[in-house]
Amino acid sequence: MNDPSKHPTFFTKVPVKGAATSADDPVPPKTGNALPPQPTAAYVPRCVLLDTEAKVVSSILRERPPGRKWRYHPKCVHWRSAGAANNWAYGYHRHGATMMATIEKSVQFQVDQCGAAFGGFVVLHSLAGGTGSGLAGSYITEQLRATYPAATIINQVIWPFAQGEVIVQNYNLVLTLAKLTQTSNAVLVLFNDHLHRICQSRLAIASPSFADLNRIVAHLLARLLPHNLVPPAAGFPLITAYYGPQIPAAAVPFTTLTWSGVLNPLMQMARTHTPTDEGLPWDVRDAADPRACVWNGATVVLCGRGRGDAADGARAFRGLGGKVRVVGAREVESAAGEPDKWAAVVGPTSALAAPLARGACKTARAHVPGPARFRHQYARFGAARTDAFAGSDWCCC
Amino acid sequence: MPQSLVIQVGQCGNQIGSRFWEQALAEHSQTNRKAIYDESMATFFQNIERRGKRRAAVPVGDGTGQIKGLEARGLMIDMEEGVINAMDGSPLRELFTPDQILTATSGSGNNWAVGHHHYGVQYGDHLRDMIRKQAEACDALQSVFLIHSLGGGTGSGLGTRIAAFLADELPDVYRFATVVAPSPQHDDVVTSPYNAVLALRHLAEHADAVVPVENQALMDICAHAGVTDPKADTKPFGAMNQIVAQLMLNMTASMRFPGSLNVDINEITMNLVPFPALKYLLASMSPVAVRPAAGAPAASVRVDRRVDQMFTEAFQPEAQLIKCNPRTSVYVACAAMARGALQVSDLRRNIDRIQKQLQFVWWNQEGWKTGLCHVPPATTTESLLTLSNNTCIAQSFAGIKTRFMKLYTRKANMHHYTEYMEKAEFTDALASLNSVIAEYRQVERDPGPQDVEDDDWEAWARAQVRGRVGSGMNGV
């Protein structure tokens, strides 16, 4: 998104004046505010940056790629230096209240910028660490829900690699999802394992970096967020998304796409919970197959040319189960280097059961006979025994 | 960015410490060529401007100010003068002001009780003041690293007393102890088993995590790398201390430098210490750079095979900084922290590969914590540090206990100790060590619940969620 003026959903034009830290700044000491004075009006993304440590946020602020016509609003960037120790309780109990007080005005400022068109919040965070899970996913989301009861809150969460990223990831994710089911309208779950596989097997990136994974997420979000992602049934807000085609940018000029070529594999990916169209189990033909995922409604998002064909292809998604909506499919020019047809399917699916069960299972079995593992770490920052149990109860009982 | 103090106690602690500061400066100078005092420098150093007799700390500010004069965030403590005086005139000595240094003249006579009870009481208030003063100079103090030996008198005795002071003065600050354990083969101190057992009890009480290293393991690594001391029959202390210093730098690299998967120091205890008593972390490093790579060719091509080899080596018994074999014991948890131009896929590939060769405790089958820091150490283009909580550490403790019992049953040298302390401290310390050994053994032997198969658990939990999605998700 190099031209912010074309994306009023995500960007606003504000006069950014003078010094970053002024006398009436609500920011307490220890919280950094790092942009040098920048006069004149500028496009700023409708976003607030938040972390409990400085490194990532400050490196984002230093990024100034040529051609970018927007910058983060200096008053909407907040951090602490203590970190959250991969500990949900640290993020929730220790950082929660003070950090919320810090970002309150920034959030209100951005909401005011939206005016009457304000729709809601998208909270981007991980499930494994302490900041993403305890602070952003649990505390901040809870507070946003309380302060803006009518807003739609969508949490885009990154599910950690199954094999090792953070040892206590299952505790953190169960505790977070337990909170999110009560506060969020839609929790869009994307899996690091899937993103990594897409990069390696489909995008021809031999050694994917986190930047490669993040690029997929960002691209997906940019296309999905303009549409209503809230699942039809209340009470179980977890959704996930599949998209296609997945082709390396270098191969785009040499690829001719048809809607059926995009949509047929996508449909099968959704049915069999496969992140790529490689090695799809084509023998799973209908919802009755025990290997097929049960869907409860889905949104099919189409981008690109060729409306008629697209509608035909999208009809096939009705086989997934529930009410299927088709959105997009406008006559839009795709950006240079991007495929001219693109589709995604997003919604609540039983595919989420397996990773959830695995996470809950890990947490649960760490509680079965014997002393509770890692509990002293959570108790150190005020998580009661009941917090952890509320989490695992939600998933297991 | 959070800050850390380094407190080096006793001869061993100060020798490792001086290597540490030397290498820390080397590491920062390779990334910070313009001598800017930035957040990263501020972790271990203060920026001090001197005008005549006035001394003022210059904060990081917007991270573009020049370095005026660096001072270490740390304390040098020894009850002899030799090691610290030997630093006079060296550039390292300038990192410390007189109020960061405490020395006495008569030493602790290899007696834990002298260090802990005699000097600990005599200098108690003074040490607390020194600690407080250093803490006040930080705006976000997060952790303290203690470096000392377990076998001597000053390091083990006074070092563990300082650990107690830290717990008291700075309860919210994480306390890491990097301790050098005596090894059976090359022990030149008769009373070292006493000192080690007495010290371990206090570390068990006051440290958040303990990273023990053994002289024998360090010597073997040096011998393997072809480093021997010019004076043939003494130990290559310089290189050995350098390894320990490197360990601490690698451990803190991710909190000082940027990376795509940061590991803050408090995440180490969070992930690796599942029970408060199991806090002993076995370290290994690969490659071990014991000499600066003088004239080493500039690495330009990234070779996957080299990265994979680095992982393989780090999990070999020879790479462990304690003489033990983690492969034949049970992993409670394991952290792999890489530095250099590695990507997440390098971690994935190698962990998938190595996981199969290791045995993890049943309730933590995927007990991996991973980190990626983009700034390599000063001497190599990439490096890997593993910190693992492995039950094999119980064998090392059992070895120390055996040597302790040899002396204890004969009451050998005991009167030197009872001059300063109650005899009951021996039994308390022994009980504490026994319980640590027992707890590790229990984890190792625990077969897990036999009645519920793993797959059953998962299938059952899956059915629960599937049912909920399928039935229209009517409430929670």
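Keep in mind it's a predicted model, so treat the numbers as computed, not measured. Proteins come first, then strands; the chains are lettered A, B, ... in the order of their sequence lines, and each starts at number 1.
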**Prompt:** Side chains of B:P258 and A:S59: does their closest heavy-atom pair fall under 4.5 Å?
**Reply:** no

**Asked** By a 4.5 Å heavy-atom criterion (distance strictly below it), what part of A:A54 contacts chain B: side chain, backbone, both, or neither?
**Response** side chain

**Prompt:** What residue, out of A:L213, A:I205, A:V56, A:V166, has the most heavy-atom pairs lying under 4.5 Å from chain B?
**Reply:** A:V166

**Request:** Check each atom of B:S254 against the heavy atoms of chain A and say whether the ones under 4.5 Å are side chain, backbone, both or neither.
**Result:** backbone

**Request:** Could you walk me through whether A:F161 and B:V344 pass the side chain to side chain contact (heavy atoms under 4.5 Å, CB included) test, one step at a time?
**Result:** CA-CA 10 Å; A:F161 286 105; B:V344 60; 3.6 Å; yes

**Part of B:V273 lying under 4.5 Å from any heavy atom of chain A** = both

**Prompt:** A:S209 versus chain B, heavy atoms under 4.5 Å apart: side chain, backbone, both or neither?
**Reply:** both

**Prompt:** Among A:A351, A:G321, A:P208, which has the most heavy-atom pairs under 4.5 Å with chain B?
**Reply:** A:P208

**Asked** Say you draw a straight line from CD of A:Q377 to CG of B:L272; how long is it, rounded to the nearest 0.5 Å?
**Response** 9.5 Å

**side chain to side chain contact (heavy atoms under 4.5 Å, CB included), paired with B:R348, selected from A:E165, A:H196, A:Q200** = A:H196

**Asked** Say you draw a straight line from CG of B:D139 to OG of A:S81; how long is it, rounded to the nearest 0.5 Å?
**Response** 6.5 Å

**Item:** Part of A:F210 within contact of chain B (heavy atom distance under 4.5 Å)
**Value:** both

**Stepwise side chain to side chain contact (heavy atoms under 4.5 Å, CB included) test for B:K369 and A:N86** = CA-CA 10 Å; B:K369 166 73 186 167; A:N86 287 167; 2.6 Å; yes

**Request:** Please flag which part of A:A128 lies under 4.5 Å from any non-hydrogen atom of chain B: side chain, backbone, both or neither.
**Result:** neither

**Request:** Walk me through it: do A:R94 and B:D172 pass the test side chain to side chain contact (heavy atoms under 4.5 Å, CB included)?
**Result:** CA-CA 12 Å; A:R94 190 61 71 93; B:D172 281 343; 4.0 Å; yes

**Complete:** Highest number of heavy-atom pairs under 4.5 Å with chain A among B:Q3, B:M255, B:M270, B:Q355 belongs to B:M270

**Proximal component of B:E39, with respect to chain A [non-hydrogen, under 4.5 Å]** = neither

**Message:** Please classify the contact of A:A211 with chain B as side chain, backbone, both or neither, using a heavy-atom distance under 4.5 Å.
**Reply:** neither

**Request:** Could you tell me which of B:T370, B:N266, B:D352, B:N271 has the largest number of non-hydrogen atom pairs under 4.5 Å with chain A?
**Result:** B:N271

**Heavy-atom pair count under 4.5 Å with chain A, highest-scoring of B:I351, B:D264, B:N262** = B:N262

Name each donor-acceptor pair under 3.5 Å that joins a side chain in residues 334-341 of chain B to protein atoms two or more places apart or in another chain, with its distance.
from   : atom 1 : to     : atom 2 : distance (Å)
B:R339 : NE     : B:V375 : O      : 3.0
B:R339 : NH1    : B:E27  : OE2    : 3.2
B:R339 : NH1    : B:N250 : OD1    : 2.9
B:R339 : NH2    : B:E27  : OE1    : 3.1
B:R339 : NH2    : B:V375 : O      : 3.2
B:R339 : NH2    : B:P376 : O      : 3.4

**Asked** With only heavy atoms counted, which part of B:P171 is less than 4.5 Å from chain A, the side chain, the backbone, both or neither?
**Response** backbone

**Message:** Would the distance check show the side chain of B:Q142 and the main-chain N or O of A:A82 forming a donor-acceptor pair, the cut-off being under 3.5 Å?
**Reply:** yes

**B:D38 portion near chain A, given a 4.5 angstrom heavy-atom threshold** = neither

